[in-house]
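Note that this is a predicted model, so its numbers are computed, not measured.
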Amino acid sequence: MIRLYSLFALIDLVLIIAALISCLSAEEHEIRALPRIVWVILILLFSPIGPIAWFVAGRPARPVRLSDGTLWKPGSGFPEKERPRPAAPDDDPEFLKRVAERSKREDEDLMRQWEADLRRREEELRKRDDDE
């Protein structure tokens, strides 16, 4: 029975060491779910659940070779040059053209209103001068 317990203790120790090495050698931004310090505490204090949880949920995902031969790293999304991006309104020539036309139309309408108001006021002044 003691041999069995010592075998389990040895397996647990190897699992803890392997999980700690894996956790401490992983890049900080690649570690999933929790910060590195939390993973280290979980691995050390909650044995053997902590190391198993690290290998299941915390360890960085491995790159996958796609059928076309390219290497895709989970979580990396699209390569930067192939990333679909919506065009910003100020980069869209049609949008800029519509904005310019609308602005020109509004300016012309405002000018017509001012001119009509000016004519009306001039007429009122002429009538007032003629009455006097």
Notebook entry, point to check: Are any of the side-chain nitrogens in Asp107 or Lys104 under 4.0 Å away from the carboxylate oxygens of its partner?
Noted result: no

Notebook entry, point to check: So, are Arg120 and Glu124 salt-bridged, with charged N and O less than 4.0 Å apart?
Noted result: yes

Next item on the list: Verify the cluster assignment for Leu24 and Ile37: are they in a single hydrophobic cluster under the rule of side-chain heavy atoms below 4.5 Å apart?
Entry: yes

Next item on the list: Give the cluster check for Ile49 versus Val14: same hydrophobic cluster or not, with ILVMFWY residues linked at side-chain heavy-atom distances below 4.5 Å.
Entry: no

Item checked: Distance, nearest 0.5 Å, that separates CG of Leu7 from CD1 of Ile2 -> 13.5 Å

Notebook entry, point to check: Atom CG in Asp117, atom CZ in Arg112: separation rounded to 0.5 Å?
Noted result: 15.5 Å

Next item on the list: Measure across Ser47 and Pro51 and return the closest heavy-atom pair with its distance rounded to 0.1 Å.
Entry: CA-CD, 4.2 Å

Checklist line | Flag side-chain contact, heavy atom, 4.5 Å: Leu42 against Leu34 | finding: yes

Note to self: For Gly50 versus Trp39, what's the shortest heavy-atom pair and its separation?
What the structure shows: O-CZ3, 4.5 Å

Check: So, the side chain of Ser22 versus the backbone of Ala18: is there a donor-acceptor pair under 3.5 Å, distance only?
Finding: no

Notebook entry, point to check: Would you say Arg36's side chain and Ala26's backbone share a donor-acceptor pair under 3.5 angstrom?
Noted result: yes

Checklist line | Sub-4.5 Å side-chain heavy-atom contact between Trp54 and Val40 | finding: no

Check: Checking Ser103 side chain against Ala100 main chain: does a donor-acceptor pair fall under 3.5 Å?
Finding: no

Notebook entry, point to check: Hey, is Arg126 close enough to Asp130 for a salt bridge, meaning N to O under 4.0 Å?
Noted result: no

Note to self: Given 3.5 Å as the limit, does a donor-acceptor pair link the side chain of Arg32 with the main chain of Arg59, or not?
What the structure shows: yes

Next item on the list: Look only at the side chain of Ser25 and the backbone of Ile21, and say whether a donor-acceptor pair between them is shorter than 3.5 Å.
Entry: yes

Next item on the list: Report yes if the side chains of Leu125 and Glu122 come closer than 4.5 Å at any heavy-atom pair, otherwise no.
Entry: no

Notebook entry, point to check: So how far is it from Glu115 CD to Leu110 CG, rounded to the nearest 0.5 Å?
Noted result: 10.0 Å

Notebook entry, point to check: Can you tell me how far the CG atom of Asp12 sits from the CD1 atom of Ile17, to the nearest 0.5 Å?
Noted result: 10.0 Å

Check: Just wondering, more than 12 heavy atoms not from Phe55 lying within 6.0 Å of its CZ?
Finding: yes

Item checked: Nearest-0.5 Å distance, CD1 of residue Ile16 to CG of residue Leu44 -> 7.0 Å

Next item on the list: Examine Ile43 and Leu45 and state if one hydrophobic cluster contains both, with Ile, Leu, Val, Met, Phe, Trp and Tyr joined whenever side-chain heavy atoms are less than 4.5 Å apart.
Entry: yes

Note to self: If hydrophobic clusters are built from ILVMFWY residues whose side chains come within less than 4.5 Å, do Leu13 and Phe46 share one?
What the structure shows: no

Next item on the list: Rounded to the nearest 0.5 Å, what's the gap from CG on Leu20 to CG on Leu15? Could you check?
Entry: 10.0 Å

